[in-house]
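Per chain, numbering begins at 1; letters A, B, ... match sequence-line order.
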Amino acid sequence: MSNNEIELKIKRQDGPESSPYWERFSVPYKPHSNVIFCLQEIQRRPINADGKDVRPVVWECNCLEEVCGSCTMVINGKVRQSCTALTDQLKQPIVLEPMSKFPVVRDLQVDRSRMFENLKKVKAWVKIDGTYDIGEGPVVSQTDRNKAYDLSQCMTCGCCLEACPQFQLNNDFLGAASFSQVRYFNLHPTGAMNRDERLESVMGEGGIADCGNAQVCVEVCPKNIPLTESIAEIGRQTTWEIFKKLFFK
Amino acid sequence: MVKREKKIIIIGGGLAGLATALKVCESKMKAVLVSYQPLKRSHSVCAQGGINAAIDTKGEGDSPEIHFYDTVKGGDFLAHQPPVRDMCYQAPAIIRLMDRMGVAFNRTPEGHLEFRRFGGTLFSRTAFAGATTGQQLVYALDEQVRRYEHDGLVEKLEWHEYLGAVIDSGGICRGAVVHDLRTGSIFTLKGDAVVLATGGPGQLYSRSTGSTVCTGSAATSAYLQGAKYANGEFIQIHPTAIPGLDKLRLMSESARGEGGRIWVPRKRDDDRDPLDIPDEERYYFLEENHPLFGNLVPRDVASREIHDVVYNKKLGVGGDAMVYLDLTHHTKEYLDNRLGGILDIYEKFTGEDPHKVPMKIFPAVHYSMGGLWVDYETDGHGMIDHRSPRNQMTSITGLYAAGEAEYQYHGANRLGANSLLSCIYAGLLAGPCIHSYTQHLDKAPEDVSSSVYDDARRHWESRFQEIRSLNGNENPYSLHQELGESLLANVLIVRTNNKLKETLKTIDDIETRAKQVNCLDTSDWANPTPSFINQLYNMIHLSRIITQGALVRDECRGAHFKPEFALEQPDRFDPHEYIDYIEKSHYEDVAETDFAPGHLTYMKQFEEKENHWRKSTIAQFKNNCPDISFEEVDASLVTPRPRKYD
């Protein structure tokens, strides 16, 4: 391995039904470069390590500053965003794989629409009356706002689900990201008015009761969202909901 | 008679697109939301510092009228004033709306919205959610749109790219041609109106603060179809970004709004640790040169000062193109609460902790004040008619634009935290106006001859077939980088006519070579290459609009700076003198002795320059080139005057 080059080993796949294969590349070394830069270099010179012309690697990215959530992939065995994966800090060859818990679209690009569908399932919104100017929002204490802000930075990247042993390609588990969104909206004074229907949505199959408490979600979250706290909190809220139903209805 | 359901096609899922979609649904029309990628990932999430509204919660005496004045002054009086004024008056309602949606805005001890300082104003006018305000606002609007999607009023087409408008023989837009980025199929969407909320063109410069989707391709496509493109040469260079190979990452103006100070060592090549350099040996050049606004001068001014310090005074940190942005005087707790998000990003990319050491930053291409020309209508008293179908409509009937894709609100330079406002404002305005438009539409899309749609589809199908068959020796991605390098070198902070002419030649050369590209990937599934080659063609045309506009405009205004044509403001000049001068000159000959020495000469030169140049640049596509003309600017509300920030 030469010091002037960055070596990469990339798991490629032509389409959802095709079988995956590995391909090696090397790109010129540049200090302070990241994995995105390496993939862009491959676009500019799409030749693999055997000197063969190949099609450029396909991946998903947009903001390149870890706020849009697009460029998540498995890098040297760890799920993370490729924009903040600096090559100087990575062991070579840098191994890139698509996330395994979502259907592969092509190469490193996966289909995370399940996450967005789940946001619909758990009714992840505040029910406002409309967009007309009917006055201020509710007063919120600094403490509650800070708690909400920690949760509101979830960029639907999928790291927590990739790491979760319970979340699988072929099951219905909602996963930490969705539970945390339920907590987020239940925390808001107006959002809390629809607390019950949100809790209802996480009490069925694939809901909060299926969480195996592996606690790995919180370790991989790039935004340090307190996901295990959210799971515990939603666990408490649903238990109270069941209790209420049993005794007060 | 059964009322038919109207269908509005919205391209883009950022703030402007989402805001339009909400209003479209509220007007009981159906919204089809087309996005290049899943919603929630649009470039609006990159906005950091906040959103402006003059609510004056701190008793500073702020008002929407002052917000309006600051905005048109910040834009060097190039924006039409009635729409800007309306935006500033609607701003408080927009903040209240976003607050009701649950945005985690920072709070005061009593639990109300907190506001902070930003550039180009002396008031605390900026509401914020840590330093990820854009992300938080996008999420809130996205959640509301998802609620409508859940109720069946919104249809989302994610992973679809807009290629062009469907325009009938009468010149009316009847729908859009879109490209499925997974299957590669090209098809038309029939609609009563189309809205381009497709953002800015940062990718033209290859490296900017923009996201990878910010190619300006959709707006350029409209220009190629005959829409007017306005003020293209006004590209904002943000003073503070983190240098990088793939992207120049924004370091929010809010860092200075929260007291961040810009400095360089006074001594050239001073290689001491910044923390070892005592205060008197630091050159706080913005504070020294602009005592009133200090570090919060508008972006065009700050970027020029940094450029001057680095390239003319050669005082860049370590001899490199970098200056310090220093927050180390604040506590960690304060910084994390007010600037949460961006300081982590700085540390992740540079390995240095900005709580402990000053950040190293440099200006970067950030925002386009120019964009598609859009119309507006007043009620005759300078107030915007909120129901007029003309508001936000491009020069193609039925084709609307909102957000950074259009040119309406920022003139020659945008003030920080006004972009989130203009995106949401324009989107919320567009919805009801489009509704009015559809009320008077001559026919439904279903009654438009099917050949109009078929022809549009076939045009794009053959275009893409052509692209797929390209097998020359040029790499499209490398060519894009070359285009960017050329613009970065010559169409940036300081512009000269020689370099601009040279750049036009480079663009011509790149256009010729672009015909020789190799379509590196011709497979049918999820193949981004043909789409990128098409975007590259559009980027070439847009580069030409920007460069040609810059070449023609022989003056300095906002972000457009040509030293050759700079007017030197005399010492102790007060912009109000200019108002006096204008007043007086209506009635009598003004004598040199009425003002301090040199002031009248300057004001006469300024007046002449204003009469000649205070006009919108309009580019129209003719013979493969932008045909440039100029349009009067509506300055009926505030008298334009020389800008001053010290």
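For the residue pair A/D14/A/Y21, the side-chain donor-acceptor check at 3.5 Å is satisfied. For A/R45 and B/S478, the side-chain atoms include no donor-acceptor pair closer than 3.5 Å. Side-chain contact annotation: B/E161 with B/S531, donor-acceptor N/O pair under 3.5 Å present. A donor and an acceptor atom, one from each side chain of B/T350 and B/K360, are nowhere located under 3.5 Å apart. For the residue pair A/T84 and B/K348, no side-chain donor N or O sits within less than 3.5 Å of a side-chain acceptor on the partner. Looking only at atom types and distance, the side chain of B/Q48 has no donor-acceptor partner in the side chain of B/T132 under 3.5 Å away. Side-chain contact, A/Q40 with B/D246: no donor N or O sits under 3.5 Å from an acceptor N or O.
If you measure heavy-atom distances from A/L64 to chain B, the contacts under 4.5 Å come from both the backbone and the side chain. Both the backbone and the side chain of B/N106 come within less than 4.5 Å of a heavy atom of chain A. Only the side chain of A/E60 comes within less than 4.5 Å of a heavy atom of chain B; its backbone N, CA, C and O stay farther away. If you measure heavy-atom distances from A/F185 to chain B, the contacts under 4.5 Å come from the side chain alone. Heavy-atom distances place the side chain of B/N475, and not its backbone, under 4.5 Å from chain A. Looking at A/I134, both its backbone and its side chain come within 4.5 Å of chain B, counting heavy atoms on both sides. Residue A/D53 does not touch chain B at all, counting heavy-atom pairs closer than 4.5 Å. With a 4.5 angstrom heavy-atom cutoff, A/L187 does not touch chain B via any of its atoms. Contact annotation for A/V67: both backbone and side-chain heavy atoms come within less than 4.5 Å of a heavy atom of chain B. Only the side chain of A/R112 comes within contact range of chain B, with heavy atoms under 4.5 Å apart. Heavy atoms closer than 4.5 Å to chain A are found in both the backbone and the side chain of B/P109. Heavy-atom distances place no part of B/L113 under 4.5 Å from chain A, backbone and side chain included. Interface remark: B/Q481 contributes side-chain atoms only to the contact with chain A (heavy atom separation under 4.5 Å). Only the side chain of A/K123 has a heavy atom closer than 4.5 Å to any heavy atom of chain B. Proximity to chain A is absent for every atom of B/F532, based on heavy atoms less than 4.5 angstrom apart. Interface remark: A/N34 contributes side-chain atoms only to the contact with chain B (heavy atom separation under 4.5 Å). Using a 4.5 Å cut-off between heavy atoms, A/P31 touches chain B through its backbone atoms (N, CA, C, O) alone. Both the backbone and the side chain of A/I128 come within contact range of chain B, judged by heavy atoms closer than 4.5 Å. Both the backbone and the side chain of B/N527 come within contact range of chain A, each with at least one heavy atom under 4.5 Å from a heavy atom of that chain. The part of B/I345 that comes within reach of chain A is its side chain, from C-beta onward, which places non-hydrogen atoms under 4.5 angstrom from that chain.
Among A/Q89, A/Q153, A/H32, the residue with the largest count of heavy-atom pairs under 4.5 Å with chain B is A/Q153. Contact tally against chain A (heavy-atom pairs below 4.5 Å) for B/P38, B/G130, B/G134: the top residue is B/G130. In terms of heavy-atom pairs under 4.5 angstrom with chain B, the leader among A/G130, A/S33, A/G15 is A/G130. The candidate with the highest count of non-hydrogen atom pairs below 4.5 Å against chain A, out of B/E114, B/M98, B/H112, B/K23, is B/K23. Your options are A/T190, A/N146, A/L119, and the one with the most heavy-atom pairs under 4.5 Å with chain B is A/L119. Each of B/A140, B/G341, B/A129, B/P528 has some count of heavy-atom pairs under 4.5 Å with chain A, and the biggest count is that of B/A129. Top candidate by heavy-atom pairs under 4.5 Å with chain A, chosen from B/E26, B/R100, B/Q136, is B/R100. When each of A/P189, A/C83, A/S141 is scored by its heavy-atom pairs under 4.5 Å with chain B, the top score falls to A/C83. Interface remark: of the candidates A/Q109, A/K30, A/K223, A/K127, A/K127 forms the most heavy-atom pairs closer than 4.5 Å to chain B.
A salt bridge links B/R468 to B/D524: one of the charged nitrogens lies within less than 4.0 Å of a carboxylate oxygen. Classification of B/R96 and A/E136 as a salt-bridged pair fails, no side-chain N sitting under 4.0 Å from a carboxylate O. One finds no salt bridge joining B/R146 and B/E143 here, because no Lys/Arg side-chain nitrogen approaches an Asp/Glu carboxylate oxygen to under 4.0 Å.
Although no hydrogens or angles enter the test, the distance criterion places no donor-acceptor pair under 3.5 Å between the side chain of B/D320 and the main chain of B/M322. Between the side chain of B/S35 and the main chain of B/L39, no donor-acceptor pair closer than 3.5 Å is present.
Under the side chain to side chain contact (heavy atoms under 4.5 Å, CB included) rule, A/L96 has a single partner from A/D107, A/V57, A/I10, which is A/I10.
Here the side chains of A/L39 and A/M73 are in contact, with some heavy-atom distance below 4.5 Å.
For B/H386, the NE2 atom is densely surrounded, since the number of other residues' heavy atoms within 6.0 Å is greater than 12.
Taking the ring axis of B/F349 as reference, the NZ or CZ atom of B/R249 stays within 45° of it and closer than 6.0 Å to the ring centre.
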